[in-house]
Structure formats: C-alpha cells, structure tokens
Colleague: 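This structure is in structure tokens; I'll ask about it shortly.
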Amino acid sequence: MPETTVGDVTAGAVTPADAPVGLAADYFQSYSVVGLLAVVGVLFVAVAFGAGRLLRPVVPTPEKLLTYECGVDPVGEGWAHTQVRYYVYAFLYVVFAVDSIFLFPWATVFADPGYGATTLVEMFIFLGFLAVGLLYAYRKGVLSWT
C-alpha cells in the first residue's frame with residue numbers, strides 16, 4: 001500500500017486544507033450525541049410525570065390532606081427547634097471525609113518518581129489547613145458535647 005504525502009489528492013487522503021473542517025465536524029458530532037441524549041432524557045422524565053398526572057385518580061379527602069409522618073397523627077405545631085451543633089458535627093464530618101478522599105490519591109502519586117518532595121509539601125499544607133480548622137472549632141467550643 002503506497003504511503004500518502006501532503007501533496008497527494010487520492011481517495012481517503014486528508015490534505016491540510018481539509019483537516020480542520022473534518023476535525024471540527026467530528027468534534028461537534030460527539031457533542032451533538034451528548035445533546036441528543038440529554039434531550040431524550042428530559043423528554044422521558046417529562047412524559048413520565050405527565051402520564052402520572054393524567055392517569056392518577058384525584059380524590060382529595062381531609063384524611064389525605066393531613067401531614068403524614070411514619071403513621072403517627074400530627075400533634076402540636078409543625079415547628080421544632082434543632083440544635084445548631086448537629087449541623088456543625090455534620091460539617092466537620094464532611095470536612096474530614098473529604099480529607100480522607102484526598103489522602104488516597106496523594107498516596108499513589110507520592111510513590112511516583114519525581115513527585116515525592118512536591119506532593120509531601122502540598123499534603124502538609126493541606127493537613128495544616130485542616131488542623132487550623134479543627135483548632136478553630138475546638139477553641140469555639142464546638143467539639144464539647146453538652
């Protein structure tokens with residue numbers, strides 16, 4: 001099979017003038033597939049919700065309009081106070097869960113040649129920020145359970 005050069009104009013050969021047009025068409029074709037899939041997904045959800053709305057029986061009764069929670073009849077007002085410290089504990093958990101998520105990829109890159117010192121310094125900076133946040137939470141008294 002003969003090799004094609006830049007000047008060849010044979011079937012299947014791509015000249016430099018044609019290359020950007022062909023690449024752009026391939027590039028936008030891949031995005032058009034993603035766009036089409038997104039439109040089909042949105043239409044599928046819209047049709048499902050529309051069919052549910054059209055096909056379900058609508059018979060409102062006072063019992064159906066009551067607030068329902070685990071089979072218990074609602075008693076009292078609907079407002080309940082929640083301690084802020086529960087949210088703080090959840091936030092601290094998320095911070096340290098994210099910390100552990102970053103530690104695993106760091107450990108794999110640390111073993112690669114040429115990345116050792118740089119990744120070690122970066123990780124100590126990252127852990128320093130987390131330690132400062134934990135120290136701040138401790139000083140504010142967030143971590144004391146009362």
Side-chain angles (χ1 to χ4, degrees), residues 1 4 9-146:
M1 178 175 201
T4 58
V9 184
T10 58
V14 177
T15 62
D18 294 335
V21 175
L23 290 176
D26 290 341
Y27 180 77
F28 288 118
Q29 181 185 8
S30 63
Y31 276 110
S32 64
V33 170
V34 172
L36 180 66
L37 187 62
V39 168
V40 168
V42 168
L43 283 175
F44 181 75
V45 171
V47 168
F49 275 111
R53 185 174 202 126
L54 290 174
L55 296 176
R56 71 175 177 233
V58 180
V59 185
T61 61
E63 290 83 16
K64 287 183 180 179
L65 298 176
L66 282 177
T67 304
Y68 179 78
E69 179 93 23
C70 299
V72 178
D73 290 332
V75 177
E77 62 184 61
W79 183 257
H81 294 284
T82 304
Q83 295 289 333
V84 174
R85 69 173 170 247
Y86 298 125
Y87 295 110
V88 174
Y89 283 116
F91 181 70
L92 286 172
Y93 169 76
V94 168
V95 166
F96 288 104
V98 168
D99 173 36
S100 66
I101 288 171
F102 281 125
L103 281 175
F104 288 114
W106 171 79
T108 58
V109 170
F110 182 69
D112 289 344
Y115 290 106
T118 305
T119 56
L120 186 65
V121 170
E122 288 174 352
M123 187 48 63
F124 275 118
I125 291 171
F126 178 69
L127 291 174
F129 280 119
L130 288 176
V132 167
L134 184 62
L135 181 64
Y136 176 78
Y138 177 73
R139 294 256 179 164
K140 285 291 191 178
V142 171
L143 300 177
S144 62
W145 189 270
T146 57

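Index from 1, following the sequence. Scope of the values below: all heavy atoms of this structure, side chains included, with no hydrogens, waters or symmetry mates.
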Colleague: When rounded to the nearest 0.5 angstrom, what is the spacing between CG in Leu130 and CG in Leu135?
Modeller: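 Output value for this atom pair is 12.5 Å.
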
Colleague: Please enumerate all residues that pass side chain to side chain contact (heavy atoms under 4.5 Å, CB included) together with Tyr138, with sequence neighbours excluded.
Modeller: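 For Tyr138 the side chain to side chain contact (heavy atoms under 4.5 Å, CB included) partners, ignoring immediate neighbours, are Leu143.
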
Colleague: Scan the side chains in residues 33-53 for donor-acceptor partners under 3.5 Å anywhere in the protein, sequence neighbours excluded, and list what turns up.
Modeller:
none

Colleague: Please indicate whether Phe91 has more than 12 foreign heavy atoms, meaning atoms of other residues, nucleotides or ligands, lying under 6.0 Å from its CZ.
Modeller: no

